[in-house]
Every structure is written in structure tokens, then in C-alpha cells.
Amino acid sequence: MALDSKIPEGPLAEKWKKYRSTVPLVNPANKRNLEIIVVGSGLAGASAAASLAEMGYKVKVFCYQDSARRAHSIAAQGGINAAKNYQNDGDSVYRLFYDTIKGGDYRAREGNVHRLSEVSGNIIDQCVASGVPFAREYGGLLSNRSFGGTQVQRTFYAAGQTGQQLLLGAYSGLQRQVGMGSVKMYTRHEMLDVVIIDDKARGIIARDMVTGKLERHFGHAVLLCTGGYGNVFFLSTNAMGCNVTAAWKAHKKGAFFGNPCYTQIHPTCIPVSGDHQSKLTLMSESLRNDGRIWVPKKQEDAEALRTRKKGPNDIAEDDRDYYLERRYPAFGNLVPRDVASRAAKERCDAGFGVNNTGQAVYLDYAAAIDRYGKIEATKQGIDASAAKIVELGKAVVKEKYGNLFDMYEQITGVNPYDEPMQIYPAVHYTMGGVWVDYNLMTTVPGMYALGEANFSDHGANRLGASALMQGLADGYFVIPYTIGAYLSNEIRTKAISTDHPAFVEAENNVKAQIDTLLNIKGTKTVDYFHKKLGKIMWDKCGMARNAAGLAEAISEIQALKAEFWKNVRVPGSADELNPELEKAGRVADFLELGELMCKDALNRNESCGGHFREEYQTEEGEAMRDDENFAYVSAWEYKAESNWELHKEELKYENIKIAQRSYK
Amino acid sequence: MSEGNMNLTLKVWRQKNQKQKGELVTYPVSNVSPDMSFLEMFDVLNEDLVEKGQEPIAFDHDCREGICGMCSMFINGRPHGPKEGITTCQLHMRSFKDGDTVVVEPWRATAFPVIKDLVVDRSAFDRIIAAGGFISVNTGNAQDANALPIAKEDADKSFEAAACIGCGACVATCKNASAMLFVSAKVSQLALLPQGQPERYSRVQNMVEQMDKEGFGNCTNTGACEVECPKGISLENIARMNRDYLVAKAAH
Ligand SMILES: Cc1cc2nc3c(=O)[nH]c(=O)nc-3n(C[C@H](O)[C@H](O)[C@H](O)COP(=O)(O)OP(=O)(O)OC[C@H]3O[C@@H](n4cnc5c(N)ncnc54)[C@H](O)[C@@H]3O)c2cc1C
Ligand code: SF4
Ligand code: FES
């Protein structure tokens, strides 16, 4: 099968404008007869569902939490990008487009990314109109901050709770449609398979997680808005329930999986504290606006810090290595995430890590507190003492980042206003995902993927504050148009009965898997397997990868998978709320995905963005791309167990000159 | 699992499903590390139960960083436990002492029926939002965001109200199981913004009506909700909502 990305012809800046006004439409009377299934109620799912319902389609929405408002988009902290140029600092649609392509290490589609930049401004307008209380300046206008990989201030935010505010905005729009009866909401429901009839997606099988009942749902189209798969690593900044199941079931029924090995490791997370650790907590990238990252220059200081013989405040200024500022003077602490994470790993591997495990660096606010304190003293016209300056500075920092600082103290028991925070990289986001064309349609007609679940816009590395933008772009401004290209040909398709053999068969398969899991009655818990898988992935398919390690990982995962199906213990029954059963199903899919990620990483003999192959680096340790041989999207087709066929979608750069990414 | 050195006795509410009766069951837990979160301590206990062939304890949780509002344990008589300003998932074992007995129950309210063990049904909150907790603006209708300046003070106040995570601790702690703090937070968020004005009075009426239908109790101003709210939602919001409600009533 040849991959067709369906990027419209014409000059870059005209593609979307022209396409948008020529996409076939569905008239209002027909819309009422067309049913759309939206799986997921995060930013992508909630915005898509609300918009499609407003247009007149009949919509059903599914999520595994007890309310649509709890999708993991809620946890996004730092902000959302938009090319508004409100700061008059030279921003433009083109610049956001350029930064995103470059940030993604030249592995994303020009057409998609330009469209994303074009609609970014509309997103902010839409959110404000629906009551999202973004941060504002005293003049009443919107405030901006900077994020990594850019030199302009284009990030809109609501303290450290931007995702929460955006999601609650989208959620209220969704609930409005629920109240009007145009959306039917299914909470505590997990999608466990897609139903395909005559090669088209026609519905899903979902499990009511409270009663355990399997349900069949028909739709003329199915939208997967099910988020990312970072939990394949067990420890990540994702919520406990984040999973790949929906995407994976779709993959096994024909949807190609794009760039599975592109994983984002976020540089600023709270380090692991012990074996009991269940998840990792992000410290927002916005902290890098004002915080400075360092480790000691001397090994003996690092040793003293690890054994607590010294504290960070005992290390003299001259004995500190602000390694990001040293290596990347132009961007300093605001280099993109992949670069910052690798630099932290490099220092820790070299023996300069600062906590008992040797896997932490400092994020220091002392300089910012001093700077803000002085500004504040000047504003207030006081001749302040050093102590007063610190007091004033702390107050400013508290206003900007208070909730993050509190969160840090709550988790670690250390007050970050007095002592620099300890941070270390952690799995955070997955750029890879279900392959989609320009319409966001997967390789299965009628099945779409939106938000983090798709692979589309971030190439090999996502810039901070761009996932929220992409999720809402997909849901509010892309899918409402592009779905017309498909549904305009479906107006004659009557709702298909869920007694159709394809529904029956899909349900039987789901039931069989559940029964198998419950009947293994082995000796090891689901988490045992999940933790083991996570460790393999982190050690061999994490921040740095090499061919030998990846080959090992593949056979280790295969063995682990075999053991899982022989020896997992899932207590309880199928017809009740059973969290262990839910987890077991998800881990079963992660075990298969993990293998594909390693396979993809092994195939990609280059380093780009979040994918760092140790064999391919420059002398200074920077990622070395191979544009001649790898300027393509890897789209994997599922053939059989442990068997995939690679399809390549060539990436063409017509507007941007492809170059080595430099943040020096 | 031998990471820490605290030993505790847990008394946990076990209830098979909505129909059957529940009871408190005692579980000793040992080697608890002070760095564990309360939910991680439950993970360890559950792993143990599964290994012993018993059913693990069902509890709601997802983000584990205090923002999704899913976790909901009533710990020693207080929603989200002994510390103020945090959720259950943000509670760490260093807040307890070796030898403590800890009683863990689900939220208790007629409008929040128990589904299993510590899991309750809070869908009433969604229905209240669906009754009016929104601004009626369709996608694509918005003007430029900066065409509408909003005083920072109002925007900040609106944001503070919008910080509600919909956890239901306010209901769980209230002797009347009133949902006033939750409802007033949404009403206030939108009433404080110019965008929220056109529907200001119909919104409050519709939401309050739905709240009453769901079986939440009346507010008698005990203020317990404000104390237990992990997000510091202020009682001022209830006052604001009451004022708006009276205006709405008078007009219709
Ligand atoms: C801690 C953290 C902070 C972040 N901060 C930022 C930031 O500041 N800026 C930024 O741009 N990005 C940020 N990101 C990334 C961004 O938040 C996510 O990429 C984005 O919100 C994903 O949205 P989504 O709608 O695609 O998926 P999600 O919000 O994850 O929603 C997934 C939905 O799918 C449902 N679902 C999943 N599987 C199933 C199934 N099998 N059956 C039924 N339903 C299912 C879930 O219930 C949920 O409703 C952050 C991410 C994290 C983890
Ligand atoms: S008002 Fe507070 S306690 Fe009540 S639901 Fe909201 S966050 Fe929870
Ligand atoms: S688990 Fe999300 S708030 Fe506690």
C-alpha cells in the first residue's frame, strides 16, 4: 500500500486556506443522520466532540475516567503557544512554523505544521471566548512567557495550570452539548477494539468499567483522541491510566503506526525516590525561564553532595558548572527538551550528579529571586537590605510559580525557595503515534487520530507548549473541516446494526482476551511485568540507544511477553469494577508496542530529536541526522505477532532549508 | 518492599458493589517509607493482597499530582487526609507516625453512591455543569482575544475560582452534603468575566436547580468545605452565587 499524505498542492501559506474552502460539505439535514464516535475527552477529544456536535452531527464520547474533565490534558502546566505577536517581538505564523520544524529536528511535515501555526491564534480567541482565565497584564491584555527552543514570547498560560484551564473550557463546551442531547457521554468506559466493516471503521467495542458489560457502538466515523503512550516506560509524567490500548487495537486492525520510537524525555522532573515510585512529577518547563541549571565543577563536591556532607548552598559560585549556558550560549537554559535532557544525562554519567543515586542536577532560583527582589525594591522605591531583597524576590517567584514550588516541597519535603530543586529527565510525551494523513485520517478509512495519539506535527521532538496547541487545533479547527471529505460520501450509509457479524466477532475477541487474562491465575502481578518492561525500555530505548542494546531489548521483551501470558495473576472477575483487569489489558498492549518501538529505533540509523543513537553523534556529542537516508516517516504495518512491514513516507522540504540544528 | 521503617494499621472500607453492605477491614502494613505517597502505600498493600490471592482495594486515582480531582479518600475523618491544601495523592507518609492507625473510607453523600470499596459515583457534578456551567459560544465565533481587555484583578479572581478540580471533598466534609462550594466556584468563574455576563443569571438558576435535583443538601454556612478544599476555593464564591441567585429569582 502506498502512503498518501494528501497534502494539498500549492504554495505553503495557501494550502490550508484553499483546501478548507474546497473540502466537500455535508448539509445540515444529513449531518443529523451521521454518527461520530469520539474516544477520549482530553483537549483533542473534547474540542472535536463539542465542535462536531455544534455542527449537527450525532456524537458519542468515551473516556475511562469518571468524568470527561479528568483526561490527562488537565495536568499540563506551562502553557500553549500561538503566533499572536502580542509582544511585538517579531513573532509570526512563519516563525512558529519554522521553530516547530526546526525543534522537531526536520522530521515533521511542512504542510501540517504550517496549518498548525495558522490556526494557533484562533485557538486563543476561542478559549478566551469560552471563559478560560488566562494570565493577564495590569492593562487587561493577555500575558506571555517564553518556552524552550524559541526566542520570542508566544506562550499563553494560566499560572502553572494551563492544561487544567484549557480542558475545563473544552469540557464545559462538551457538557453544554451533553445537556442539549447532541453528545452522549460514556464515562468509565474503556474502548477495547474497533469494528471494521468492508474496510471502513464502523464502530467500537467498549467495556463498561463498573458493570464489566461489553457494549457495541456504531459510528460512521471513529475518532481516536486517546493520548500518548509514555506509560510503556512504567515511570513517566503521564497519569496512571494513560495507555496505548485504543491506538494499538486500531493498529492491529490496519492503522499504521508512525515513528513509534520518538519519545520525549523531559529534562525537569522530580527524581526517582525509591522502588515504590508509581509515577514521576514534572516541574514545568516554564521554570527554565528563570531557573538556572547546574552541577558542581569538581567531582569531590558532587561526592560530598551525594552523601549530604555538603548542601548546594555550600558550593561557591565559581565551583558551579552551568552546563547549558556553557554549551549553548545563544539559548542557554532554554534549549529544547531533548538537548537539555541529554546534557543532564551526560553530566550525571560523568559523575557529577548531586543526589544519592547520582541522577539529579540542580535547578536554581537564587539568581532569579535576587533579580526580581531588586526590581521590586526599585519599583517600591526602597533601599532594601539583602534580606529584604530576597523576601521581595521570593514573593514574585511565588506569584509566578507558587503552585509548582508547593508541589515540589510536598513531594520531596525540601523547600525550593531556600535550596535549589533537584531534577532529572523523565519520559513525558510521545511524538510517535497512529499515522494520519493531512485530514487526520489513519490508513483505515473512517478512522481518525487526533492530539497526542497521532504522530503528525512534532517530528522527532516536540517544543514545549505545542501539544496543547496541536490538540486544540486538531479538535476545534481541523477535523470539523477535514471530516467532510469522508462523510460527504457516507450520507447514504444507514446506521449499521450492531448485530452485524463484525460487531459480534469483535466482541467475542475482546471477551476471549479478558477470559484468558483472568484464567491464567499465575503468580506475578500485572505491575511486576509493567515495571520490568519499563526498565528494559528506559535502559535500552530511552534517552540514548544503540544497536546492540535495542536488539537485546527486543528479545527480552518477547520473553517477558511470553512469561506474562503464562504467569500473570489477575484477581477478581470480568463483571465488576476490576482495576487489575484494566491494567492487565493495557500492559498486554504495551508489551507489543515496546517491541515495535525498539524495532523502529533500531531501524533508524541516525540521531534526531528525542531519538539518540549513540553510534550517530558529532564530536561535541550532538545528534547527527542522516537526511540522505532517513528523511522519512516510518509507518509500520502490523502483519502478525512480532512481524511488521515498514512503509516510508518521504519528507519534502520545499520552504525550509534543512540544516544541522544549532542552539549555540 | 522493605524501603522504610514505619508500621501502620489501616482500617479500610470494603464494599463489593453498590448493592451490598460494606464494612471496615483491618490491614497491617509494614516497612512504609516516609517518601511514599499515600496512594503508593496503597499500591504496595494491593500488590501484597494480590500476591496473597485476595482482592485488592479499589480506589479512584489518575494524575497523582493533585490536578485531575479523581482521588478521593476520607482519611481519619477528613477528606484528603490530615494536611490542608492538598489532595489524597499529594499526601505523603511523612505526615504519619510509626504505629499510627489510619481509617480510610469513601466520600459519603447520598448524591455520591459508593460503586466499590473507596470508589464513588460523582457524575452528579457533570450534570450540574451540563445544566449551565459554560458560555454558549460555538467554535469559530470568537473575536480576537485581546479585543476584550479584562482587569487583571477580575481575571485573577476568576482563575482562583476556576482552580476547582471537582473532587467533591467539599460535599464529603459537609454535614449536609451540600455542593454549594463546587457550584459556586463555576458560577463565580464565569460571573467574574465579561464573557460570562449574557447568561449570568440563567446560568446560576439552572445550575442550582440541577444541584437540588441531584439530592445534595442545603448550605448552613458551617464553612467546613472551605477548610477541606484542596484548592483553597473561598466561601466568598458562595456569597456571590447567593447574590446572583436572588437577583435571578427576583427577575423571573
Ligand atoms: C505533566 C504534563 C504536563 C504537560 N504540560 C504541557 C504544557 O505545558 N504544554 C503543552 O503544550 N503540552 C503539555 N503536555 C502535553 C499535553 O498535555 C498532552 O500531550 C495533551 O494534553 C494530550 O491531549 P489529548 O487530548 O491528546 O489526550 P489526553 O488529554 O491524554 O486524553 C486522552 C483521553 O482518552 C481517553 N482514553 C484513553 N484510552 C482510552 C480507551 N482505551 N478507552 C476510552 N477512553 C480512552 C482518556 O480517558 C482521556 O479522556 C504535558 C503533559 C504532561 C503529562
Ligand atoms: S470546591 Fe474544592 S473541594 Fe469542592 S470540588 Fe472543587 S476543589 Fe474539590
Ligand atoms: S489522582 Fe489526580 S488529583 Fe489525585
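Sequence lines set the chain letters: A, B, ... in the order given, protein chains first and strands last, and positions in each chain run from 1. This structure is a prediction, so every number in the text was calculated from the model and none was measured.
Looking at B:Lys157, neither its backbone nor its side chain comes within 4.5 Å of chain A, counting heavy atoms on both sides. There is no contact between A:Phe156 and chain B, counting heavy-atom distances below 4.5 Å. For A:Gln410, the parts lying under 4.5 angstrom from a heavy atom of chain B are both the backbone and the side chain. At a 4.5 Å heavy-atom cutoff, the contact between B:Asp60 and chain A is made by side-chain atoms alone. At a 4.5 Å heavy-atom cutoff, B:Ala131 makes no contact with chain A through either its backbone or its side chain. Using a 4.5 Å cut-off between heavy atoms, A:Asn122 does not touch chain B at all. When heavy atoms are compared at a cutoff of 4.5 Å, B:Gln90 approaches chain A by way of both its backbone and its side chain. Contact of B:Ser136 with chain A is made through backbone and side chain together, with heavy-atom distances under 4.5 Å. Both the backbone and the side chain of B:Ile129 come within contact range of chain A, with heavy atoms under 4.5 Å apart. Contacts between B:Gln210 and chain A at a heavy-atom distance below 4.5 Å are absent for every atom of the residue. Residue B:Leu39 does not touch chain A at all, counting heavy-atom pairs closer than 4.5 Å. Residue A:Ile270 does not touch chain B at all, counting heavy-atom pairs closer than 4.5 Å. If you measure heavy-atom distances from A:Tyr476 to chain B, the contacts under 4.5 Å come from both the backbone and the side chain. Both the backbone and the side chain of B:Ala163 come within less than 4.5 Å of a heavy atom of chain A. Heavy atoms of B:Arg64 lying under 4.5 Å from chain A belong to its backbone as well as its side chain. With a 4.5 Å cut-off on non-hydrogen atoms, B:Ile115 touches chain A through its side chain but not through its backbone. Residue contact with chain B, scored on non-hydrogen atoms closer than 4.5 Å, involves the backbone and the side chain of A:Gln65 alike. Residue contact with chain B, scored on non-hydrogen atoms closer than 4.5 Å, involves the backbone of A:Thr237 exclusively. The part of A:Pro571 that comes within reach of chain B is its side chain, from C-beta onward, which places non-hydrogen atoms under 4.5 angstrom from that chain. Heavy-atom distances place the side chain of A:Glu399, and not its backbone, under 4.5 Å from chain B.
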I would like to know whether B:Gln195 and A:Val128 meet side chain to side chain contact (heavy atoms under 4.5 Å, CB included); could you show each step before the answer? CA-CA 8 Å; B:Gln195 309 91 300; A:Val128 167; 3.6 Å; yes

When you look at A:Ile411 and B:His92, which way does the side chain to side chain contact (heavy atoms under 4.5 Å, CB included) test go after all the steps? CA-CA 7 Å; A:Ile411 292 172; B:His92 277 67; 4.0 Å; yes

Can you list the steps and then say if B:Phe134 with A:Leu174 is a side chain to side chain contact (heavy atoms under 4.5 Å, CB included)? CA-CA 9 Å; B:Phe134 47 75; A:Leu174 175 64; over 6 Å; no

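Chain A forms more heavy-atom pairs under 4.5 Å with one residue of B:Ala151, B:Ala161, B:Ala162, B:Ser158 than with any other, namely B:Ala162. In terms of non-hydrogen atom pairs under 4.5 Å with chain B, the most contact-rich of A:Ala75, A:Cys242, A:Ser143 is A:Ala75. Heavy-atom pairs under 4.5 Å with chain B peak, among A:Arg188, A:Met180, A:Met55, A:Gln177, at A:Arg188. With respect to chain B, the highest number of heavy-atom pairs below 4.5 Å among A:His72, A:Lys84, A:Gln165, A:Met407 belongs to A:Gln165. Most heavy-atom pairs under 4.5 Å with chain B, from the set A:Lys524, A:Arg69, A:Met185: that is A:Arg69. Among the candidates A:Gly179, A:Pro579, A:Ser67, A:Gly241, the residue making the largest number of heavy-atom pairs closer than 4.5 Å to chain B is A:Ser67. Per-residue counts of heavy-atom pairs under 4.5 Å with chain A were compared for B:Gln18, B:Glu51, B:Lys16; the largest is that of B:Glu51. When each of A:Asn578, A:Thr412, A:Asn403 is scored by its heavy-atom pairs under 4.5 Å with chain B, the top score falls to A:Thr412.
Nearest heavy atoms, A:Thr525 versus B:Val50: CG2-CG1, 3.7 Å. When all heavy atoms are compared, the tightest approach of A:Ile124 to B:Ala145 is CG2-CB, 3.8 Å. Here the closest heavy-atom approach between residue A:Arg136 and residue B:Ala155 is recorded as CD-CB, 3.7 Å. For the pair B:Val137 and A:Ala129, the tightest heavy-atom approach, listed with the atom from each and the gap, is CG1-O, 3.7 Å. In this structure, B:Lys116 and A:Leu577 approach most closely via the heavy-atom pair NZ-O, 2.8 Å. Across B:Cys164 and A:Leu168, no two heavy atoms sit closer than the pair O-CD1, 4.0 Å.
Here the CD1 atom belonging to B:Ile67 is positioned 12.0 Å from the OG atom belonging to A:Ser73, to the nearest 0.5 angstrom. For the atom pair OG (A:Ser278) and CG (B:Asp43), the distance works out to 5.5 Å, reported to the nearest 0.5 Å. In this structure, B:Thr139 OG1 and A:Phe477 CZ are separated by 6.5 Å, a value rounded to the nearest 0.5 Å. Taken to the nearest 0.5 Å, the CG atom of B:Asp144 stands 3.5 Å off from the OH atom of A:Tyr86. With values rounded to the nearest 0.5 angstrom, A:Glu580 atom CD is found 9.5 Å from B:Glu55 atom CD.
Using a distance-only test at 3.5 Å, with no hydrogens or angles considered, a donor-acceptor pair links the side chain of A:Arg70 to the main chain of B:Ile165. One N or O on the side chain of B:Gln189 and one on the backbone of A:Gly131 form a donor-acceptor pair closer than 3.5 Å. B:Asn146 contributes a side-chain N or O that, together with a main-chain N or O of A:Leu142, makes up a donor-acceptor pair within less than 3.5 Å. In this structure a side-chain-to-backbone donor-acceptor pair under 3.5 Å is missing from A:Gln175 to B:Arg127. The closest donor-acceptor contact from the side chain of B:Glu65 to the backbone of A:Thr281 lies at 3.5 Å or more, if one exists at all.
By the 6.0 Å contact criterion, CD on B:Glu153 is open, its count of non-hydrogen atoms from other residues, nucleotides or ligands being 12 or less. Counting non-hydrogen atoms of neighbouring residues, nucleotides and ligands closer than 6.0 angstrom, the OH atom of B:Tyr27 exceeds 12 such neighbours. Residue B:Gln54 qualifies as enclosed at atom CD: its count of foreign heavy atoms under 6.0 Å is above 12. Around the NZ atom of B:Lys83, the shell of radius 6.0 Å holds no more than 12 heavy atoms that belong to other residues, nucleotides or ligands.
Side-chain contact of B:Asn138 with A:Arg176: a donor-acceptor pair under 3.5 Å is present, judged by distance alone.
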